[in-house]
Amino acid sequence: MNSKTVLIFSFITLLSFGSTKKFKDEEKPAWAKKDIRDFSDVDMERLLEQWDEDEEPLEEDELPEHLRPMPKLDLSNLKSSDPEALLKASKKGRTLMAFVSVTGSPSKQEVEDLTKLWQTSLWNNHIQAERYLVDDNRAIFMFKDGSQAWDAKEFLIQQERLKEVVIENKSYPGVHAEKESGPENLKSEL
């Protein structure tokens, strides 16, 4: 084929795609006739739904986390005496945050360096965690696969400067952390 024929064929194809409409102007719903600058959030949501209705559905792993189905748990393999194993299995593939505290009164730079070292050690052990400082002596470790949080906890509680790790509102004190003097310790001293 010569170039003129290809050019004419391409032009006709593009013209036919450009002229296709889902609605004719008089068939449009009232919300679609408004100026786009006057659209409310509801109108924008309808527009997005209309835009997506001809799309192929996303694969399960491409869906946002809140739309993914919950992982299927095989309770026959889990011991009823180990609640952490059940939690670990239920958080597989879900985002989970662990709060990590450092002992003493460290500087912000010291906390930054320690948590960065711990994060690197976790990554070297194939446990992927993002780290965010939230206080002068606290950081959040965010796990894309929540089941890895308990493996990370086993590593973290062994670290010298770790005070505690909190996962799912359960506190795990560091092995080397000193017991703070609280009201219960004052009674034993008297």
Side-chain angles (χ1 to χ4, degrees), residues 1-78 83-100 112 115-116 118-120 122-135 138-153 156 165-171:
M1 283 207 261
N2 64 21
S3 62
K4 285 184 180 181
T5 309
V6 171
L7 185 62
I8 291 171
F9 180 72
S10 299
F11 181 71
I12 292 172
T13 304
L14 287 174
L15 187 62
S16 66
F17 283 124
S19 65
T20 58
K21 284 187 173 180
K22 207 159 209 162
F23 297 109
K24 293 182 180 164
D25 285 336
E26 53 277 348
E27 295 176 2
K28 283 184 181 179
W31 65 268
K33 293 178 185 176
K34 291 194 291 188
D35 187 349
I36 188 92
R37 293 171 290 195
D38 297 330
F39 272 25
S40 66
D41 289 341
V42 174
D43 295 333
M44 292 302 282
E45 189 65 33
R46 283 189 202 128
L47 186 62
L48 178 63
E49 287 174 10
Q50 184 181 19
W51 179 273
D52 289 341
E53 76 184 18
D54 291 334
E55 294 288 320
E56 292 181 22
L58 293 173
E59 294 292 325
E60 191 174 295
D61 61 337
E62 294 175 348
L63 287 171
E65 186 173 321
H66 68 281
L67 295 178
R68 284 185 225 146
M70 290 294 290
K72 293 176 179 52
L73 297 177
D74 185 12
L75 298 176
S76 62
N77 294 338
L78 298 174
E84 282 186 16
L86 180 62
L87 274 172
K88 187 176 178 179
S90 69
K91 298 300 177 181
K92 180 88 175 138
R94 298 282 181 188
T95 301
L96 183 81
M97 292 187 294
F99 294 89
V100 176
E112 173 79 26
T115 56
K116 187 186 294 185
W118 296 342
Q119 179 188 26
T120 303
L122 290 171
W123 275 79
N124 287 340
N125 201 24
H126 305 286
I127 298 174
Q128 296 181 357
E130 298 300 321
R131 173 183 52 92
Y132 306 98
L133 294 181
V134 291
D135 204 357
R138 270 180 97 178
I140 292 176
F141 280 66
M142 186 174 72
F143 302 91
K144 291 290 185 185
D145 182 359
S147 66
Q148 292 182 329
W150 282 269
D151 297 330
K153 182 249 330 171
L156 290 169
V165 177
V166 178
I167 303 172
E168 292 286 300
N169 294 324
K170 183 164 191 228
S171 176

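No experiment lies behind these values; they were computed from the predicted model shown.
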Once salt bridge (charged side-chain N to carboxylate O under 4.0 Å, His left out) is applied, do any residues pair with [X], and if so which ones, sequence neighbours excluded?
X: D43; answer: K34, R46
X: E130; answer: none
X: E45; answer: none
X: D35; answer: R37

Separation between [atom1] of [X] and [atom2] of [Y], rounded to the nearest 0.5 Å:
X: L48; Y: M44; atom1: CG; atom2: CE; value: 8.5 Å
X: R138; Y: F99; atom1: CZ; atom2: CZ; value: 6.0 Å
X: I140; Y: L96; atom1: CD1; atom2: CG; value: 11.0 Å

Next item on the list: Determine the minimum heavy-atom distance between A152 and I127, stating which atoms define it.
Entry: N-CD1, 4.0 Å
Notebook entry, point to check: Shortest non-hydrogen contact from I167 to A149?
Noted result: CD1-O, 3.6 Å
Note to self: Under the rule for side chain to side chain contact (heavy atoms under 4.5 Å, CB included), what residues qualify as partners of E55, not counting sequence neighbours?
What the structure shows: D52
Check: What pairs with D145 under side chain to side chain contact (heavy atoms under 4.5 Å, CB included), at least two apart in sequence or on another chain?
Finding: K92, S147, Q148
For [X], enumerate each residue passing the side-chain hydrogen bond (donor to acceptor under 3.5 Å, both in side chains) test, keeping only those at least two apart in sequence or located in another chain.
X: S171; result: E164
X: N125; result: none
X: K144; result: none
X: R131; result: E112, T115, Q119

Notebook entry, point to check: Going by heavy atoms in the side chains, are W150 and K91 under 4.5 Å from each other?
Noted result: yes
Check: Under a 4.5 Å cut-off applied to non-hydrogen side-chain atoms, are F141 and M97 in contact?
Finding: no
Checklist line | More than 12 heavy atoms from other groups under 6.0 Å of CG on D38 | finding: yes
